[in-house]
Amino acid sequence: MCGIVGYVGNRDACPILLKGLHRLEYRGYDSAGVAMVNGDGALNVYKCKGKVDDLEHFLDGKDLCGSIGIAHTRWATHGVPNDANAHPHYSESENIALIHNGIIENFRVLKDALIENGYTFRSSTDSEVLVNLIEYIRTTENCTLLEAVQQALKQVVGAYAIAVIEKGNHDEIIAARQSSPMVVGIGKGEYFLSSDATSIIEYTENFVYVNDGEVAVINRNAPLKVFTLDNEEERIHIQKLKLSISQLEKGGFPHFMLKEIYEQPHTLVDCIRGRINPETGEVKLSGVIDNREKFVNAKRIIFVACGTSWHASLIGEHLIENICRIPVEVEYASEFRYRNPIIRPDDIVIAVSQSGETADTLAAVELARKAGAFVYGICNVVGSSIARATDSGSYIHVGPEIGVASTKAFTGQVTVMAMLALAIGHEKGTVNKEYYQEISQALLKLPETLEDVLKIDAQVEDLAKIFTYAHNFIYLGRGYNYPTALEGALKLKEISYIHAEGYPAAEMKHGPIALIDAEMPVVSIATPDHTYEKSASNIEEVKSRGGKIIAVVAREDEQVRKRADYVIEVPVITDCLMPIVVSIPLQLLAYYIAVNKGRNVDQPRNLAKSVTVE
Ligand code: F6R
């Protein structure tokens, strides 16, 4: 939620800040702004409601000079999206400007105290309270900006990544982090600051991740320094990160989402590379090799995740229970963290997160670690907070996912979970050779299978035209494909704004079947597995109540297609990997319906890619 970017060096700051904001727009896009100190020391803040493009128009004719600046793209938490609530925020005297990602939970108490001291407020944000608190401390205590930030943050309860600049100071940005991502890119005589290293990857490969409770002093004339709030200097670890810029561009596709759907055959090559021996089918995950005893002796595995990652975890539950015979629970991280859950030292908690920054998942990780469990991460973003907070893990390696609707991360997560289940099952001796080989060979063939699945694109596009104006959708699946149904429904609702529900197919008759009439499209997943006959009967139940059936079936299917109104044919691979195959046409269906409705597919309303507030 919210993207922050900063620059100090010898170049013009503004173009760098705006480019960074465009790359960070996936994190929030209801308002945006920049603050820069120009050559005369003036501190200029420009901000407006809307997207970064709107900000660019707003900047026409303004004084954009300065080689130091900070910028922000917002996802509203306190205060509606409008010009006043947009960041950066000036302090009362307009001597300090601040950008903030996160939530100051005790802002009301701090604000009341500032009002008593004569402060007034232009916005309804918690962030403006913080900039005024910094100014108040700076003036009353006559201390440096760094000291004022440190003291102010000691009074703050909540999550933040902030950056602050000051009138008359061309050289220095003060930045700090608590539970919200922040990274400093180190160039030659210049520094870059961002919520996400990918937004500044074209300028440098050298990054320093700011940790919780740290304040960075980013001064163009000095080496980067990082302090605690108590002013203890911390050691700096520079990490290398290499990424190609083409991964951050649309590459000829109209939307990032479509590009990312089409990338899946390749992203799964990257996900599997080095982990499955193509000759022998043997699966090796370093996280399992290094922690063999923990996995072999685990009494229980608990997945914690949100949204799409939670759906992938439900598939992980099937895979691990089936292949490793370890009991598995799947928890919404947001519920888990507040439920006083029972966590034992012989539990393994697996945190699943594309961004690696989801606040609830991160909090669940911290809770599990405190309780003594071994915590494993399945993340995409290298160096992200969850990846760093876990004991070990496996990256999914699907490259930057920029479209807000998660697609390639879902298939990457399920792929890693399948490899994880095989690796653990092998160590425990709970999987027989034939099934192990069946799955590992199918994993190796996934890239070519997905190329094959994608041939259905034009057919799904046509189908989408028929259903663009439906008001509701139901998605049904069983077994491994019950979570696929949930995921299909989530994709549709988040980008088309059509109400959609996913259900385990047999559960329909316990209530939801009352919703079925001729206006209700029902996407029924009925690919071959041990639930196929049951799914066919569930389709019959819907059909006999007039529902419109869109059946996802095997190419060679004979039975279900006779009852379906429309058919989506997919190639068949081993049952536990079918969610990866089936999710592709469901992603395409949601995509084309949303495009037909004229929705902003990559930046749907009210959403943000990375949910760093709870
Ligand atoms: C849906 C979607 C969200 C995320 C959820 C968790 O398309 O993207 O539901 O899956 O916010 O995000 P991560 O995986 O980054 O923790």
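Whatever order the structure lists them in is the order used to number ligands and atoms, beginning at 1. We number each residue from 1, following the sequence as shown.
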I need the nearest protein heavy-atom contact for atom 5 (C) of ligand 1: residue, atom name and distance, please. C306 O, 3.7 Å
Distance-only donor-acceptor check, side chains T198 and D196, under 3.5 Å: yes
Cation over ring face, R74 and Y29, 6.0 Å, 45°: no
Give me the residue, atom name and distance of the protein heavy atom closest to atom 15 (O) of ligand 1. S355 OG, 2.6 Å
Atoms of ligand 1, numbered as shown, that sit under 4.0 Å from any heavy atom of K491: 1 (C), 7 (O)
Hydrogens and angles aside, do R339 and S334 bring a side-chain donor and acceptor to less than 3.5 Å of each other? no
Would N596 and Y469 count as having a side-chain donor-acceptor pair, cut-off 3.5 Å? no
Examine the side chains of Q264 and T407 and answer whether a donor and an acceptor come within less than 3.5 Å of each other. no
Can V404 be said to touch ligand 1, with heavy atoms closer than 4.0 Å? yes
For atom 12 (O) of ligand 1, what's the nearest protein heavy-atom neighbour? Residue, atom name and distance, please. T358 OG1, 3.4 Å
Donor-acceptor side-chain pairing of K491 and T308 below 3.5 angstrom: yes
Ignoring hydrogens and geometry beyond distance, is a side-chain donor-acceptor pair present between E401 and S406 at under 3.5 Å? yes
What part of T361, side chain from CB on, backbone N/CA/C/O, both or neither, has a heavy atom under 4.0 Å from ligand 1? neither
What protein heavy atom sits nearest atom 3 (C) of ligand 1, and how far off is it? T308 N, 4.1 Å
One finds that the ligand 1 atoms under 4.0 Å from a non-hydrogen atom of G307 are 9 (O), 10 (O)
Kindly confirm or rule out an N or O of Q413 lying under 3.5 angstrom from an N or O of ligand 1. no
of all protein heavy atoms, closest to atom 7 (O) of ligand 1 is E494 OE2, 2.5 Å
Can you name the atoms of ligand 1, numbered from 1 with element, that are less than 4.0 Å from a heavy atom of A405? 7 (O)
At a 4.0 Å threshold, what atoms of ligand 1 neighbour a non-hydrogen atom of S309? 10 (O), 13 (P), 14 (O)
Which heavy atom of the protein is the closest neighbour of atom 11 (O) of ligand 1, given with residue, atom name and distance? V611 CG2, 3.9 Å
I'd like to check which ligand 1 atoms, numbered from 1 as shown, lie under 4.0 Å from a non-hydrogen atom of S353. 13 (P), 14 (O), 15 (O), 16 (O)
Exercise: do T468 and Y592 side chains pair donor with acceptor under 3.5 Å: no
Checking T527, D575, N322 against Y480 for side-chain hydrogen bond (donor to acceptor under 3.5 Å, both in side chains), the one that qualifies is N322
Which bit of E357 gets closer than 4.0 Å to ligand 1, counting heavy atoms only: side chain, backbone, both or neither? neither
Among side-chain atoms of T484 and S583, is any donor-acceptor pair under 3.5 angstrom? no
